[in-house]
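Heads up, the thing below is written out as structure tokens.
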There are 2 protein chains.
Amino acid sequence: MHEQDSSVIMQKPLSELIADQLKRKIWNEDFQLGERLLETELADTFDVSRSTIREALKILEIEELVVSQARKGTYVTKFTDQDVDEIIELRTLIEARAFTQAIQYLEEKHVKELQAIVDQMKTKADENDWNALFDLDMQFHSYVVQLCGNSRIIKIYDSLQVQIRTFLMHLDQYYSSHQAFYEEHKQLLQALVSKDVHTVEGGVRNHIEYVETKLLGQKNDTKFKEV
Amino acid sequence: MHEQDSSVIMQKPLSELIADQLKRKIWNEDFQLGERLLETELADTFDVSRSTIREALKILEIEELVVSQARKGTYVTKFTDQDVDEIIELRTLIEARAFTQAIQYLEEKHVKELQAIVDQMKTKADENDWNALFDLDMQFHSYVVQLCGNSRIIKIYDSLQVQIRTFLMHLDQYYSSHQAFYEEHKQLLQALVSKDVHTVEGGVRNHIEYVETKLLGQKNDTKFKEV
DNA sequence: AGGTAACTTAATGTCGACAATCGACATTAA
DNA sequence: TTAATGTCGATTGTCGACATTAAGTTACCT
């Protein structure tokens with residue numbers, strides 16, 4: 001929450017710290033989707049030079065949280081229906097591969113860690129703590145993808161997750177019940193432990209498809225902003 | 001070769017133009033793999049400020065042609081065996097999906113264009129023009145991926161291709177015979193025209209695997225640099 | 001009155017300079 | 001002789017200012 005106390009030596013470049021802060025501001029809806037980001041203004045509010053802001057924005061641009069047109073300005077990405085579809089397609093593709101690859105690297109300790117996450121889900125589901133569930137969801141998937149052994153796939157997934165976060169955060173919840181949420185991940189873990197490629201691949205596809213259905217349902221209902 | 005004549009109004013930011021030039025320099029081996037790139041030096045040779053060089057390097061970093069460590073410097077990426085393996089895994093994953101998705105968007109005119117590329121391949125194969133064949137190969141795959149309809153997948157592939165170019169350019173050729181090269185793509189196109197998902201998917205996997213075999217063969221032989 | 005052209009304002013692109021940090025060499029002590 | 005520490009040059013991080021371009025505004029002409 002406060003990684004850049006002015007007196008402390010900071011290992012990370014300032015630009016990255018600011019990039020992180022900007023991300024949070026987008027997630028918190030401090031910035032509207034589609035809103036224009038003025039370099040000068042940001043430099044003012046963060047009390048750094050425009051060069052630094054520029055580098056920070058470049059980072060966000062890589063992760064597609066903002067788009068910038070030359071000499072026109074940079075805007076917070078406004079996810080259209082097509083964007084959501086594209087992200088889901090890519091997520092399915094990446095996770096299906098990563099999960100099946102993860103099987104061969106899956107050790108006992110990993111299963112333990114994952115089980116811990118799923119257990120926490122149960123707790124949080126009982127407490128109806130949606131935000132915590134959301135984080136655990138992200139953690140679970142990240143953890144498995146991290147096992148796949150391909151640094152490029154991992155990097156793509158990290159970037160994807162930032163985007164997923166951005167448009168999922170704006171829904172109250174995408175699961176009908178918190179309990180179902182927990183159950184789904186329990187099954188995913190079971191599939192992994194079985195070490196059967198087809199079971200895992202099917203599990204991932206079903207899981208994401210399920211989320212998608214819920215999400216699109218809400219979208220067509222009320223919550224999602226139109227473009 | 002000379003997009004930035006000083007008198008002309010340039011639509012693209014300077015940094016992008018310089019990024020392109022840097023790419024070419026890497027492909028031409030003007031820079032050694034692993035070589036350190038000094039910002040000041042580059043600013044000098046290109047006659048621009050360091051800020052501009054910095055932005056250009058950031059672009060190269062995104063495409064993983066250079067790696068930069070904070071306060072240490074940026075270096076031309078030195079592709080290790082693992083890097084090559086990772087790239088091939090990712091390429092297979094992406095192309096397999098993109099090609100099968102492309103089926104549904106494939107129109108007559110696209111087939112014609114692709115056929116034209118393949119025809120050119122035959123010509124260049126007869127002429128033993130390896131460089132031209134190499135370019136046509138890239139064109140062919142790019143063209144199909146472009147049809148898949150998912151801009152994010154396309155973007156990832158573009159970035160991937162830059163990397164593929166970088167380490168393939170350093171091989172004299174990765175196909176045993178130019179003729180086989182042409183035949184392979186002819187078959188790929190046939191698979192596409194058939195519009196059968198399994199045929200296409202199999203075709204892509206075989207094709208890339210074939211290239212990989214050839215490549216790894218050369219690597220273990222003579223041409224490839226060790227890490 | 002409507003539309004176009006010149007003008008004004010504001011934001012981005014680019015620059016050169018200063019500050020913080022790193023790596024290497026030299027110096028000193030064990 | 002070797003290892004630890006201090007110093008110096010080189011290099012990256014950050015800054016504020018100027019140049020260029022885009023958008024909005026006013027004035028003028030038809």
Side-chain angles (χ1 to χ4, degrees), chain A residues 2-23 25-26 31-32 34-62 64-78, chain B residues 2-23 25-26 31-32 34-62 64-78:
Chain A
H2 45 69
E3 293 156 31
Q4 39 73 275
D5 297 330
S6 54
S7 57
V8 182
I9 306 134
M10 7 187 194
Q11 201 44 291
K12 271 191 183 177
L14 240 186
S15 47
E16 288 184 29
L17 298 181
I18 291 196
D20 290 341
Q21 298 208 14
L22 286 176
K23 272 184 227 175
K25 273 187 182 291
I26 292 176
F31 298 134
Q32 283 304 97
E35 180 179 344
R36 182 171 188 184
L37 297 181
L38 286 296
E39 294 178 354
T40 318
E41 193 179 311
L42 293 177
D44 241 23
T45 57
F46 284 103
D47 198 40
V48 295
S49 82
R50 265 188 55 232
S51 319
T52 308
I53 293 292
R54 228 146 198 286
E55 300 212 353
L57 287 179
K58 202 116 203 165
I59 294 174
L60 289 239
E61 197 185 344
I62 297 166
E64 311 210 39
L65 261 95
V66 303
V67 285
S68 81
Q69 299 169 286
R71 292 191 168 69
K72 289 290 188 66
T74 78
Y75 300 79
V76 179
T77 305
K78 198 156 132 194
Chain B
H2 46 66
E3 293 157 29
Q4 40 72 277
D5 298 331
S6 53
S7 58
V8 182
I9 307 136
M10 2 186 198
Q11 202 42 295
K12 269 191 186 179
L14 239 186
S15 47
E16 289 184 27
L17 299 180
I18 292 196
D20 289 342
Q21 298 207 13
L22 286 175
K23 273 184 227 175
K25 273 190 183 291
I26 293 176
F31 298 133
Q32 283 305 98
E35 181 178 341
R36 182 173 189 184
L37 297 181
L38 285 299
E39 295 178 354
T40 319
E41 192 179 312
L42 292 177
D44 242 23
T45 57
F46 284 103
D47 199 40
V48 295
S49 83
R50 262 187 58 229
S51 320
T52 308
I53 294 292
R54 228 145 195 289
E55 301 210 353
L57 286 179
K58 203 114 198 166
I59 294 174
L60 289 237
E61 196 185 343
I62 297 165
E64 311 210 40
L65 259 87
V66 304
V67 286
S68 80
Q69 300 170 284
R71 292 188 169 73
K72 291 289 190 66
T74 78
Y75 301 77
V76 178
T77 305
K78 199 154 132 194

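So you know, we letter chains A, B, ... as the sequences are listed, proteins then strands, and number each from 1. Owing to the predicted nature of the structure, the values given are computational and were not obtained by experimental measurement. For the numbers below, each heavy atom of this structure counts, side chains included, while hydrogens, waters and symmetry mates do not.
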Can you give me the closest heavy-atom contact between [X] and [Y], atom names plus distance?
| X | Y | answer |
| --- | --- | --- |
| B/T77 | B/V67 | OG1-N, 3.8 Å |
| A/S15 | A/I59 | O-CD1, 4.4 Å |
| B/L22 | B/A56 | CD1-CB, 4.3 Å |

Whole angstrom is fine here: how far is it from [atom1] in [X] over to [atom2] in [N]?
| X | N | atom1 | atom2 | answer |
| --- | --- | --- | --- | --- |
| B/Q69 | C/dG23 | CD | C1' | 14 Å |
| A/L42 | C/dA11 | CG | P | 12 Å |
| A/E55 | C/dT12 | CD | P | 16 Å |
| A/R71 | D/dT21 | CZ | C1' | 6 Å |

Tabulate atom names and distances for all N/O pairs under 3.5 angstrom spanning the protein and nucleotides 15-17 of chain D.
unit_1 : atom_1 : unit_2 : atom_2 : d
D/dC15 : OP2    : A/S49  : N      : 2.9
D/dC15 : OP2    : A/S49  : OG     : 3.3
D/dC15 : OP2    : A/T52  : OG1    : 2.6
D/dC15 : N4     : A/S51  : OG     : 3.2
D/dG16 : O6     : A/S51  : OG     : 3.2

Close side-chain approach of A/R50 to A/T40, heavy-atom, < 4.5 Å: yes
Close side-chain approach of A/I53 and A/F46, heavy atoms under 4.5 Å: yes
Base-pairing assignment for C/dA29 (Watson-Crick or G-U wobble, both under 3.5 Å): D/dT2
Base-pairing mate for D/dC15 - Watson-Crick or G-U, with both contacts under 3.5 Å: C/dG16
Write down the protein N/O and nucleotide N/O pairs, taken from nucleotides 6-11 of chain D, whose separation is under 3.5 Å; answer none if there are no such pairs.
unit_1 : atom_1 : unit_2 : atom_2 : d
D/dT11 : O3'    : B/R36  : NH2    : 3.3

